[in-house]
Amino acid sequence: MPTVFTHEFNTPVYKGKVCFNTGLFINGQFVDGSDRTTIDVVNPTNGKVITSVSEGTQKDVDLAVDAAEKAFETTWGLNCPGNKRGLLLSKLASLMEEHTDEFSALEALNNGKAFNFARHADIAAAIDCVRYWAGWADKISGRVIETTEEQLTYTRHEPIGVVGQIIPWNFPLIMFAWKIAPALATGNTVVLKPSEFTPLTAIRMCHLVKEAGFPPGVLNVVTGYGGTVGNAISSHMRIHKIAFTGSTLVGRKIMEAAAKSNLKNITLELGGKSPNIIFNDADIEQAVNWAMFGVFFNQGQCCVAGSRIFVQEGIYDEFLKRFTEKTRSIKVGDPFAPDTFQGPQVSKIQYDRIMAYIDSGKKDGAKVHIGGERHGNEGYFIQPTIFLDTKPDMRIVKEEIFGPVSVVIKFKDEEDVVRQANDTVYGLAAAVFTRDVNRAITTAHKLKAGTVWVNCYSVMTPNVPFGGFKQSGIGREMGEYALNHYTEVKAVNVNLGMKMM
């Protein structure tokens, strides 16, 4: 039998007990992996094991696909009307809402993010996402196309079938919702792999999916490593679409596996090195506040992190002074402390990766303005870090660090900053701070990024599409645009009067 995880929370922000099965979720049941092996889940605040979860294999992915195919052909897909799919998703959102504090505590324990941020940002956003897609479930439609009076021609938007999904560790519950909600709303069935670092909220969600009344096999969750479960999903001949969020490096491998197997439909949301541009006429106080949030939110482990901060020369000194003060005020520590803003990095691997980038910046001659060291002597905490005096070819300027590390760069004018901002292989997001609406719009239009914020940062809603230019990905998640990635368009031509001679 799979392990049952039991934990008593007794913290300043949450007191309660959780108890749930940590097996693979296949065909509506929690089961051991085929090899009966497990994966340890580690608390990033101290490096100690929280619990263990079942480890999936290629065979388990096959079993999950079998269950998903059966559900698609019998109880889901075109056999389940959109209004019923919408009701089930709506019920799931309500159950998530009932368990808001529990999910927040699990995210804080497993991922290391601050409980209060998890509660008011992550969990709330995940619930909004599921509710948004519940509303779409019965509104997916084709159209009649005028040809001749002797023909009736129309289109149908049909579900693809079994969808494979692989989600990252930085926003476990949000990414779970972003992936499963549009897939299920459009009638697909799902085989999903959560990150082996942060599987707890995905597993807990399976209990709510079952409680909500989804038929067995509609959603299957196989925990495991990328090299086994991730590869099995990416290359599976009976999975017809794959959606992945993670690094560009892994995205390339998934795209290759999808192409070499059965030319899967793919959606890839990948890395970023987002520019945050602050002009002379910006509201400095607001620019500082948003810039701090934009780069240090979620321990800097955010694909859209505004880690390249470009400040126009007229306000550079004043901005740097205030930004430094704001950064020094960040409370780093226990995710369950009421005033914590920044918790630990998610894992020892990620901690070491970030510290290697910091060392690289120092060796390349960049100036550590503040931070640049470990915080404390236990767990995977890193001081919020600001680099100055950088050069465009430095790794800390060019590569995605995925940690609490920023570079502040002075610029002269609009032409100069647009050139620097676009000098990257990525194109996920960007921001512009100015009081001049014409400058804001013209600059936003020149930036090669899938999302541009004006006078704010990292503001997202489920009805707005999200995705990247260049090597930041393929396709769009969220909003009506995402429907195109989870449905196939079929054209039907009906002869009403044509005769073949």
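What you see below is based on every heavy atom in this structure, not just the backbone, and it leaves out hydrogens, waters and symmetry mates.
- Applying the side chain to side chain contact (heavy atoms under 4.5 Å, CB included) rule to S347 yields the partners F197, I349, Q350; only residues at least two apart in sequence or on another chain are considered.
- No side-chain N or O of N43 forms a donor-acceptor pair with one of K48 less than 3.5 Å apart.
- When all heavy atoms are compared, the tightest approach of A64 to N220 is O-ND2, 3.6 Å.
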For residues 302-309, which side-chain N or O atoms pair as donor and acceptor with protein atoms under 3.5 Å away, sequence neighbours left out?
from: R308; atom 1: NE; to: K273; atom 2: O; distance (Å): 3.0
from: R308; atom 1: NH1; to: Q420; atom 2: O; distance (Å): 3.1
from: R308; atom 1: NH2; to: K273; atom 2: O; distance (Å): 3.0
from: R308; atom 1: NH2; to: A421; atom 2: O; distance (Å): 2.8

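- A heavy-atom distance below 4.5 Å is not found between the side chains of E107 and F117.
- Side-chain contact of N231 with S234: a donor-acceptor pair under 3.5 Å is absent, judged by distance alone.
- Distance alone, capped at 3.5 Å, places no donor-acceptor pair between the D334 side chain and the T340 backbone.
- Residue M255 places its CE atom among 12 or fewer non-hydrogen atoms of other residues, nucleotides or ligands, all under 6.0 Å distant.
- Checked against salt bridge (Lys or Arg N to Asp or Glu O under 4.0 Å), E158 has the following partners two or more places apart in sequence or in another chain: R156, K490.
- Among residue pairs with one or both ends in residues 15-45, those qualifying as ring-ring contact (aromatic ring centres under 6.0 Å, His included) are F5-F20, F20-H207, F25-F30, F30-H207; sequence neighbours excluded.
- In terms of heavy-atom proximity, L270 sits nearest to L428 at O-CD2, 3.8 Å.
- Checked against ring pair (Phe, Tyr, Trp, His ring centres under 6.0 Å), F381 has no partners two or more places apart in sequence or in another chain.
- In this structure, the side chains of L184 and W133 stay at 4.5 Å or more apart for every pair of heavy atoms.
- Taking 4.5 Å as the limit, some side-chain heavy atom of N46 sits within range of a side-chain heavy atom of E378.
- Checked by atom type and distance alone, the side chain of D364 never pairs as donor or acceptor with a backbone atom of G361 at under 3.5 Å.
- Two residues are said to be in side-chain contact when any heavy atoms from C-beta on lie closer than 4.5 Å; F296 and K326 fail this criterion.
- A side-chain donor from one of K241 and T267 sits under 3.5 Å from a side-chain acceptor of the other.
- M478 places none of its side-chain heavy atoms less than 4.5 Å from the side chain of V464.
- Note that OG of S329 is 11.0 Å distant from CG of D339, once rounded to the nearest 0.5 Å.
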Worksheet entry | Audit row: D66, K70, side chain to side chain contact (heavy atoms under 4.5 Å, CB included) steps and yes/no | CA-CA 6 Å; D66 289 343; K70 182 179 178 181; over 6 Å; no
Item to complete: Could you walk me through whether N111 and D122 pass side chain to side chain contact (heavy atoms under 4.5 Å, CB included), step by step?
Response: CA-CA 12 Å; N111 173 276; D122 295 48; over 6 Å; no
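- Annotation: Y457 is not in aromatic contact with F297 [ring centroid separation under 6.0 Å not met].
- Contacts classified as side chain to side chain donor-acceptor pair (under 3.5 Å) and involving residues 247-256 (residues at least two apart or in different chains) are given here: R252-Q471, E256-K260.
- Ion pairing between a basic and an acidic side chain is recognised when a charged N comes within 4.0 Å of a carboxylate O; R238 and E73 show no such pairing.
- Applying the 6.0 Å contact sphere to NZ of K398 captures no more than 12 heavy atoms from other residues, nucleotides or ligands.
- No more than 12 heavy atoms of other residues, nucleotides or ligands lie within 6.0 Å of NZ in K84, so this atom counts as exposed by the packing criterion.
- Checked against side chain to side chain contact (heavy atoms under 4.5 Å, CB included), I370 has the following partners two or more places apart in sequence or in another chain: T324, T327, R328, I386.
- Contact detail for L24 and G33: the closest heavy-atom pair is CD1-CA, 3.6 Å.
- Taking D352 as the reference, K348 meet the salt bridge (Lys or Arg N to Asp or Glu O under 4.0 Å) condition, with sequence neighbours excluded.
- Evaluation of the side chain to side chain donor-acceptor pair (under 3.5 Å) test over residues 170-192, restricted to residues two or more places apart or in two chains, returns K179-T245, K179-E477, T186-N188.
- Inspection of the S34 and D60 side chains reveals an N or O donor paired with an N or O acceptor under 3.5 Å.
- Panel note: side chain H375, backbone G333; no donor-acceptor pair is recorded below 3.5 Å.
- Here the side chain of D35 pairs no donor or acceptor atom with the backbone of T37 at under 3.5 angstrom.
- Formation of a donor-acceptor pair under 3.5 Å by the K331 side chain with backbone atoms of A337 is not found in this model.
- Taken from CD in E373 to CD1 in I358, the straight-line distance is 7.5 Å, to the nearest 0.5 Å.
- S406 contributes a side-chain N or O that, together with a main-chain N or O of T385, makes up a donor-acceptor pair within less than 3.5 Å.
- Here the shortest heavy-atom pairing between M175 and I167 reads O-CG2, 3.7 Å.
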Worksheet item: Going through the checks in order, is the side chain to side chain contact (heavy atoms under 4.5 Å, CB included) test met by N262 and K264?
Response: CA-CA 6 Å; N262 58 349; K264 292 175 180 63; 2.8 Å; yes
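- The CD atom of E196 sits 11.0 Å away from atom CH2 of W169, with the distance rounded to the nearest 0.5 Å.
- Taking both residues in full, the closest heavy atoms of P462 and C129 are given as CB-CA, 4.0 Å, listed atom of the first, atom of the second, then distance.
- With hydrogens and angles ignored, the 3.5 Å screen pairs a side-chain donor or acceptor of R374 with a backbone N or O of G379.
- Here the side chain of E400 pairs a donor or acceptor atom with the backbone of G272 at under 3.5 angstrom.
- Residues I140 and A185 approach most closely at CD1-O, 3.8 Å, considering heavy atoms.
- Looking only at atom types and distance, the side chain of E399 has a donor-acceptor partner in the side chain of Y357 under 3.5 Å away.
- Side-chain N or O atoms of S54 include none that pairs as donor or acceptor with a backbone N or O of D32 at under 3.5 Å.
- A 4.5 Å side-chain heavy-atom check between I233 and I254 finds every atom pair outside the cut-off.
- At least one side-chain heavy atom of W136 sits under 4.5 Å from a side-chain heavy atom of E480.
- With hydrogens and angles disregarded, a donor-acceptor distance shorter than 3.5 Å links the side chain of S261 to the backbone of A257.
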Worksheet item: Can you list the steps and then say if I396 with I401 is a side chain to side chain contact (heavy atoms under 4.5 Å, CB included)?
Response: CA-CA 7 Å; I396 58 171; I401 299 174; 4.1 Å; yes
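- Taken from CG in D128 to CE in M96, the straight-line distance is 9.5 Å, to the nearest 0.5 Å.
- Judged as a ring-ring contact (aromatic ring centres under 6.0 Å, His included), the pairs with a partner in residues 69-104 (not counting sequence neighbours) are, in order, W76-F214.
- Pairs of residues two or more places apart, or lying in two chains, never qualify as ring-ring contact (aromatic ring centres under 6.0 Å, His included) while including a residue from residues 219-248.
- For residues 13-25, the side chain to side chain donor-acceptor pair (under 3.5 Å) pairs, not counting sequence neighbours, are N10-K15.
- Proximity of P404 to Q345: side-chain heavy atoms (C-beta onward) are separated by under 4.5 Å at one or more points.
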